[in-house]
Amino acid sequence: MKVEKLTEIIGSDFYTGVPDSQLKALCNYLMNTYGIDKAHHIIAANEGSCTALAAGYHLATGKLPVVYMQNSGEGNIINPAASLLSDKVYAIPMIFIIGWRGEPGVHDEPQHIYQGEVTVKLLDDMNIPSFIISKDTTDEEAAEAMSDFRKVLSEGRQAAFVIRKGALSYSEDVEYKNSNTMVREEIIRHIAAASGEAPVVSTTGKASRELFEIREANGQSHKYDFLTVGSMGHSSSIALGIALNKPDTKVWCIDGDGAVLMHMGAMAVLGANAPENLIHVVINNGAHETVGGMPTVAETIDIPAIAKACGYKYAVCADSFEVLDKELEAAKNRSGLSLIEVKCSIGARDNLGRPTTTALENKNNFMEYLSELK
């Protein structure tokens, strides 16, 4: 169905969420209709924050908010849904729009498979009724579902539209770009060259896909890399766990701005523990580029200053390959928790592949390699 019709049926004028490729039609519609607008549309750092923000909107206006997300974000909403929104607590009505990655019977990447199996079950367990929208769902069926939801909403409960692949359509495109010149894949190529045979933890999305293909092109083993294909925002914590237990080994983390924002508290824990052997590289294109390019707030904040405030010993920003190479080499040859923010353009090559090894093979090879290190 057309996304314009779905939003008309829901009848809300406030949306907040975390972008999802399955919801590209909705995301593009919101950007074309509202852009980033405090009164109508805010992209938050994670799905739990979206839910709390939407609750605040309802408290201030008495109106119905909408929160959109990929189903991987359901875990982030469980706490606020159960302890804030619930009709047993504050009874705050809300509509969720959830992209259904890993739907049973539909081919998807391994990190989505189990999440896809439990997507509707998790909603049921939270007492959130849902309606699944498919390519053949009619406007009348969606309107009837919303009519049923209104009774639930009037009781201070929540409801969800679960969106199957390709179910929503929108005829207009949105171009996402910035003024940065460095391309992420080339940035990662420089990091891979600097890191040598040191272990690397890379974040979810295209960064890990690009790292995999760079190793392939170089004829290198993949044993050096842990590809965090899911679990967005947790790569730096994984790297911390490795660095603390391999203190004589330099550990690298390739992170993204959206991932850093999603669980920024990890930086405080990193700084407090201050492993001298960890290098945290944050590739910042100010966008959720892997799922379409919608903006993050990372272009408006000072990531190195945040890192220093959290206790990182060194924190710098690189906006050219000359500066990047200099800072990579400096971080490699010194002791002390280091952060390098790298300003990056938006975009990737169209023929970018995916890892050809399974997640389990990746883990086993990586662990075997770590076992050989001090």
Side-chain angles (χ1 to χ4, degrees), residues 46 75-76 110-111 114 188 191-205 207-212 214-215 220-256 259-283 303-304 306-316 327-342 355 357-374:
N46 64 58
N76 283 335
Q111 66 269 27
Y114 183 67
I188 295 173
I191 297 169
S195 62
E197 295 185 349
V200 176
V201 179
S202 60
T203 191
T204 184
S208 281
R209 293 164 59 185
E210 288 166 342
L211 177 59
F212 186 91
I214 286 166
R215 298 295 196 197
Q220 292 177 295
S221 172
H222 297 291
K223 68 181 182 180
Y224 309 119
D225 309 323
F226 183 81
L227 309 176
T228 316
V229 293
S231 194
M232 181 176 169
H234 292 304
S235 292
S236 62
S237 295
I238 296 169
L240 173 62
I242 296 168
L244 292 176
N245 289 281
K246 295 290 180 181
D248 296 325
T249 297
K250 191 71 76 173
V251 178
W252 297 70
C253 176
I254 300 175
D255 220 341
V260 165
L261 290 169
M262 182 162 280
H263 296 295
M264 191 179 280
M267 290 181 67
V269 178
L270 276 159
N273 284 275
E276 295 190 349
N277 57 325
L278 180 57
I279 302 169
H280 189 183
V281 184
V282 179
I283 301 176
I303 292 176
I306 293 168
K308 288 180 180 178
C310 286
Y312 285 63
K313 192 171 183 179
Y314 304 96
V316 297
E327 295 300 341
L328 290 173
E329 195 64 23
K332 178 181 178 179
N333 292 308
R334 69 177 171 228
S335 294
L337 175 60
S338 301
L339 178 136
I340 305 170
E341 178 195 25
V342 190
T357 55
T358 68
L360 189 58
E361 288 171 338
N362 174 219
K363 183 205 79 168
N364 290 339
N365 291 336
F366 186 71
M367 287 185 69
E368 184 177 351
Y369 180 62
L370 289 182
S371 71
E372 302 169 0
L373 305 174
K374 294 182 180 180

Visitor: Do Ser338 side-chain atoms and Gly336 backbone N/O form a donor-acceptor pair below 3.5 Å?
Guide: yes
Visitor: Nearest 0.5 Å please: distance from the OG atom of Ser335 over to the OH atom of Tyr314.
Guide: 8.0 Å
Visitor: Is a side-chain N or O of Asn273 found less than 3.5 angstrom from the main chain of Leu244, in a donor-acceptor match?
Guide: no
Visitor: Under a 3.5 Å distance rule, please check whether Glu341 uses its side chain to pair with a backbone N or O of Ile303 as donor and acceptor.
Guide: no
Visitor: Output yes when a side-chain donor or acceptor of Thr204 lies under 3.5 Å from a complementary backbone atom of Ser231, and no otherwise.
Guide: no
Visitor: Regarding His263 and Asn46, do their side chains bring together a donor and an acceptor under 3.5 Å, going by distance alone?
Guide: no
Visitor: Walk me through it: do Val201 and Ile254 pass the test side-chain contact (heavy atoms from CB on, under 4.5 Å)?
Guide: CA-CA 6 Å; Val201 179; Ile254 300 175; over 6 Å; no
Visitor: Quick one about Glu361 and Asn365 (side-chain donor to acceptor, distance below 3.5 Å, no hydrogens or angles considered), yes or no?
Guide: no
Visitor: In sequence, state the C-alpha distance, the side-chain angles, and the governing distance for Lys332 and Trp252, and then conclude on side-chain contact (heavy atoms from CB on, under 4.5 Å).
Guide: CA-CA 9 Å; Lys332 178 181 178 179; Trp252 297 70; 4.0 Å; yes
Visitor: Applying side-chain contact (heavy atoms from CB on, under 4.5 Å) to Tyr312 and Leu270, what does each step give before you reach the verdict?
Guide: CA-CA 8 Å; Tyr312 285 63; Leu270 276 159; 3.0 Å; yes
Visitor: Which value, rounded to the nearest 0.5 Å, describes the distance between Asn364 atom CG and Lys223 atom NZ?
Guide: 14.5 Å
Visitor: When you look at Asp248 and Asn277, which way does the side-chain contact (heavy atoms from CB on, under 4.5 Å) test go after all the steps?
Guide: CA-CA 7 Å; Asp248 296 325; Asn277 57 325; over 6 Å; no
Visitor: Measuring from atom CE of Met267 to atom CG of Leu240, what distance do you get when rounded to the nearest 0.5 angstrom?
Guide: 12.5 Å
Visitor: How far does NE2 of His280 sit from CG of Leu339, to the nearest 0.5 angstrom?
Guide: 6.0 Å
Visitor: A quick test of your reading: do over 12 heavy atoms of other residues, nucleotides or ligands sit less than 6.0 Å from CD of Glu372?
Guide: yes
Visitor: Under the 6.0 Å and 45° cation-pi test, does Arg215 pair with Tyr224?
Guide: no
Visitor: Between Ser195 and Ala192 (side chain of the first, backbone of the second, donor and acceptor by atom type, cut-off under 3.5 Å), is there such a pair?
Guide: yes
Visitor: Calculate, to the nearest 0.5 Å, the distance between atoms OG1 and CG belonging to Thr249 and Leu373 respectively.
Guide: 4.5 Å
Visitor: Mind jotting down which residue pairs meet the side-chain hydrogen bond (donor to acceptor under 3.5 Å, both in side chains) criterion with at least one end in residues 235-246? Sequence neighbours excluded, please.
Guide: Thr228-Ser235
Visitor: Please report the shortest heavy-atom distance between Leu227 and Ser202, naming the atom on each side.
Guide: CD2-OG, 3.4 Å
Visitor: Which one of Val342, Ile279, Val281 satisfies the side chain to side chain contact (heavy atoms under 4.5 Å, CB included) criterion with Ile191?
Guide: Val281
Visitor: What distance separates Glu276 CD from Arg334 CZ, expressed to the nearest 0.5 Å?
Guide: 12.0 Å
Visitor: Relative to the ring of Phe212, is the ring of His222 parallel (under 30°), tilted (30 to 60°) or perpendicular (over 60°)?
Guide: parallel
Visitor: Considering only heavy atoms from C-beta outward, does the side chain of Asp225 approach that of Phe366 to under 4.5 Å?
Guide: no
Visitor: Which atoms form the tightest heavy-atom contact between Leu337 and Ala274, and what is the distance?
Guide: CD2-CA, 4.1 Å
Visitor: Over all heavy atoms of both residues, which pair between Ala194 and Leu328 is shortest? Give the atoms and the distance, please.
Guide: CB-CB, 3.9 Å
